[in-house]
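Bear in mind the structure is a predicted one, so any value in this text is a computation, not a measurement.
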Amino acid sequence: MERAIKKIAVLPGDGIGPEIIEQAVKVAKAIEPKLSCALQFDYAEIGACAIRSCGEPYPDSTDKVCKEADAILFGAVGDPQFDNNPSAKVRPEQGLLKMRKSLGLFANIRPLKPYEELLDASPLKREVISGTDMVIIRELTGGIYFGEPRGRTEDGRKAFDSCIYSVEEIERIARIAFEYASRRRKKLTLVDKANVLATSRLWREVVTRIGKSDYPNIELDFMFVDNAAMKLVMAPAQLDVVLTENMFGDILSDMGGAIGGSIGLMPSASAGSRYALYEPIHGSFPQAKGKNIANPVATILSLAMLFEDSLGEPDAAKAIREACALSIKERICTPDIVPGSSCGTSQVGDFIASTALSILG
């Protein structure tokens, strides 16, 4: 019987993006014979590489590839040529924001569960982070990153940004968070700054209403963002599902990445009502570009999320996760995990690909 073809849009991006994406695609191709579907990989440009080739950080051609795909696998954007130039009119990160808006990717989902073997590699004490297993759900298309008006006064001496949220924007991501909580420990924490911000007070009103009416079995509590930052480094195991707005989520989820010993281990998904994108939470790390030292595990774990959530291949996702765990257990890791390791990006990818295939039999 001929297998259905599933299209994966592949956006390597900038810096180490192409290297880590190469490893994830390697894993996908290795296990493809064991899948119920066949895979088609369609490549497109985003970020600095797209600016150089066509002047746009997220060209229409890339948008078309993404909208025709069953899922999107994304590397990273960012380049010193633009990042270190305050007067640059077009920036790689604008492509990321434009993509999220165009595809309606309003919910960023970031699981955090440190590997037992790496608890001592964390900057936090083993007893502090042991047992940590949380999901941070961040709103992606609203808030201060997108609010209008923004800019500077005519004399250039003042700058301003607007933080704006609607009831509808809060409702749709709150429901995703409640659904996640219902499949886990039935606890949801809303992180905000309701003692200062009007938008945060709206978040509390909407999330409280939805919790009472539709999810009465979910324990809902609230935490100011400064307290949440402290909780992440003092008692992260007490958190289960964390829901928050765009900027707070951006900061807290990167903090969470440090708990596991390396930001190179944390995958994520960005989902909307129609499209879904999968990416590591780290940036383009241009200092490591071309050196074969970038950690591909977060990207490969993002691929596992893609297989499970978008392609309906839970066995493949499980095999990938087990292969990643085995690579860490056997210390087949890049130098950020095992200092002085001779294993490079490609070697880690080779091990995970062959191991995942072996697990699937």
Side-chain angles (χ1 to χ4, degrees), residues 7-28 41-50 57-58 62-63 65-67 69-79 92-112 135-141 145 176 246 249-254 256-257 260 262-272 275-286 288-289 294-311 317 320-321 324 345 349 352:
K7 295 181 179 180
I8 300 178
V10 184
L11 280 55
D14 306 322
I16 61 171
E19 298 166 64
I20 56 177
I21 285 292
E22 180 183 356
Q23 306 315 309
V25 172
K26 180 191 294 180
V27 173
F41 300 93
D42 298 321
Y43 285 75
E45 292 185 329
I46 188 171
C49 60
Y58 182 67
T62 299
D63 190 57
V65 168
C66 291
K67 288 180 176 176
D70 294 287
I72 304 156
L73 185 63
F74 168 60
V77 295
D79 188 285
E93 290 76 14
Q94 291 171 333
L96 184 57
L97 298 181
K98 183 179 178 182
M99 177 174 64
R100 290 172 181 168
K101 203 72 172 179
S102 177
L103 300 178
L105 305 176
F106 62 83
N108 184 237
I109 300 154
R110 299 189 177 186
L112 173 59
V135 177
I136 298 175
I137 298 181
R138 165 193 170 196
E139 201 286 327
L140 269 186
T141 58
Y145 290 174
I176 287 177
N246 204 341
D250 192 4
I251 297 166
L252 292 177
S253 55
D254 281 359
S262 172
I263 201 170
L265 296 173
M266 199 168 177
S268 77
S270 297
Y275 305 105
L277 175 146
Y278 301 86
E279 62 176 307
I281 76 160
H282 59 70
S284 61
F285 194 14
K289 179 181 178 181
N295 191 340
V297 172
T299 311
I300 295 171
L301 288 173
S302 298
L303 175 73
M305 295 179 74
L306 183 156
F307 274 126
E308 185 163 38
D309 296 340
S310 286
L311 301 190
I320 292 170
R321 293 185 181 112
C324 289
T345 308
I352 294 172

Please tabulate, for the side chains in residues 296-305, all donor-acceptor contacts under 3.5 angstrom to protein atoms that are two or more places apart in sequence or on a different chain.
| residue | atom | partner | partner atom | Å |
| --- | --- | --- | --- | --- |
| Ser302 | OG | Ser268 | N | 3.4 |
| Ser302 | OG | Glu279 | O | 2.9 |
| Ser302 | OG | Ala298 | O | 2.8 |

Worksheet item: For Met99 and Leu96, what are the C-alpha separation, side-chain angles and deciding distance, and is it a side-chain contact (heavy atoms from CB on, under 4.5 Å)?
Response: CA-CA 5 Å; Met99 177 174 64; Leu96 184 57; 3.7 Å; yes
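- Residues Leu103 and Ile72 meet the side-chain proximity criterion, which asks for heavy atoms closer than 4.5 Å.
- The salt bridge (charged side-chain N to carboxylate O under 4.0 Å, His left out) search around Arg100 returns none, not counting sequence neighbours.
- Note that the OG1 atom of Thr345 and the CD1 atom of Ile20 stand 8.5 Å from one another [nearest 0.5 Å].
- Partners of Lys289 under the side-chain hydrogen bond (donor to acceptor under 3.5 Å, both in side chains) rule, at least two apart in sequence or in another chain, do not exist in this structure.
- In this structure, CD1 in Ile176 is found 5.5 Å from CD1 in Ile109, a value given to the nearest 0.5 Å.
- Applying the side-chain contact (heavy atoms from CB on, under 4.5 Å) rule to Asp70 yields the partners Lys6, Lys7, Leu311; only residues at least two apart in sequence or on another chain are considered.
- Summarising the geometry of Ala28 relative to Phe307, their closest heavy-atom pair is CB-CZ, 4.1 Å, with the distance given to 0.1 Å.
- Remark: Val65 engages Ala9, Asp42, Ala44 in a side-chain contact (heavy atoms from CB on, under 4.5 Å) (not counting sequence neighbours).
- Across all their heavy atoms, Gln23 and Lys26 have their closest contact at OE1-NZ, 2.7 Å.
- When atom types are taken as modelled, the side chain of Ser253 and the backbone of Gly249 share a donor-acceptor pair closer than 3.5 angstrom.
- With sequence neighbours left out, Lys101 forms a side-chain hydrogen bond (donor to acceptor under 3.5 Å, both in side chains) with no residue at all.
- By the salt bridge (charged side-chain N to carboxylate O under 4.0 Å, His left out) test, Asp250 is found to be paired with Arg138, residues two or more places apart in sequence or in another chain being considered.
- Evaluation of the side-chain hydrogen bond (donor to acceptor under 3.5 Å, both in side chains) rule for Glu308 yields Arg321 as partners, not counting sequence neighbours.
- For the side-chain hydrogen bond (donor to acceptor under 3.5 Å, both in side chains) test, residues two or more places apart in sequence or in another chain that qualify with Asn295 are Asp336.
- Closest approach of Gly264 to His282, counting heavy atoms only: CA-CD2, 4.0 Å.
- With a 4.5 Å cut-off on side-chain heavy atoms, Cys66 and Tyr58 count as touching.
- The line from CG of Leu105 to CG of Leu140 is 7.0 Å long, rounded to the nearest 0.5 Å.
- Every residue meeting the salt bridge (charged side-chain N to carboxylate O under 4.0 Å, His left out) condition with Asp63, not counting sequence neighbours, appears here in chain and number order: Lys67.
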Worksheet item: Going through the checks in order, is the side-chain contact (heavy atoms from CB on, under 4.5 Å) test met by Met266 and Leu112?
Response: CA-CA 7 Å; Met266 199 168 177; Leu112 173 59; 3.8 Å; yes
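- Not a single donor-acceptor pair under 3.5 Å links the side chain of Thr141 to the backbone N or O of Phe106.
- Contact between Ala48 and Asp14 at its shortest, heavy atoms only, is N-OD2, 2.8 Å.
- Partners of Phe285 by side-chain contact (heavy atoms from CB on, under 4.5 Å), not counting sequence neighbours, listed by chain and number: Ile16, Gln287, Ala288.
- Atom CD1 of residue Ile136 and atom CZ of residue Arg110 lie 7.5 Å apart, to the nearest 0.5 angstrom.
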Item to complete: For Val10 and Ile8, run side-chain contact (heavy atoms from CB on, under 4.5 Å): C-alpha distance rounded to whole Å, both residues' side-chain angles, the deciding distance at 0.1 Å, then the answer.
Response: CA-CA 6 Å; Val10 184; Ile8 300 178; 4.2 Å; yes
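- Qualifying side-chain contact (heavy atoms from CB on, under 4.5 Å) partners for Pro286, counting only residues two or more places apart in sequence or in other chains: Pro80, Ser284.
- Remark: the Tyr278 side chain and the Ser270 side chain contain no N/O donor-acceptor pair separated by less than 3.5 Å.
- Atoms CZ and CD1, on Phe74 and Ile46 in that order, are 4.5 Å from each other to the nearest 0.5 Å.
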Discussion item. Let's go through Val27 and Ile320 carefully: what are the C-alpha distance in whole Å and the side-chain angles of both, what is the deciding distance for side-chain contact (heavy atoms from CB on, under 4.5 Å) to 0.1 Å, and is it a yes or a no?
Written reply: CA-CA 8 Å; Val27 173; Ile320 292 170; 4.0 Å; yes
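- To the nearest 0.5 Å, atoms CD1 (Ile281) and CG (Asn108) are separated by 9.0 Å.
- Between Pro280 and Pro267, the closest side-chain pair of non-hydrogen atoms is not below 4.5 Å.
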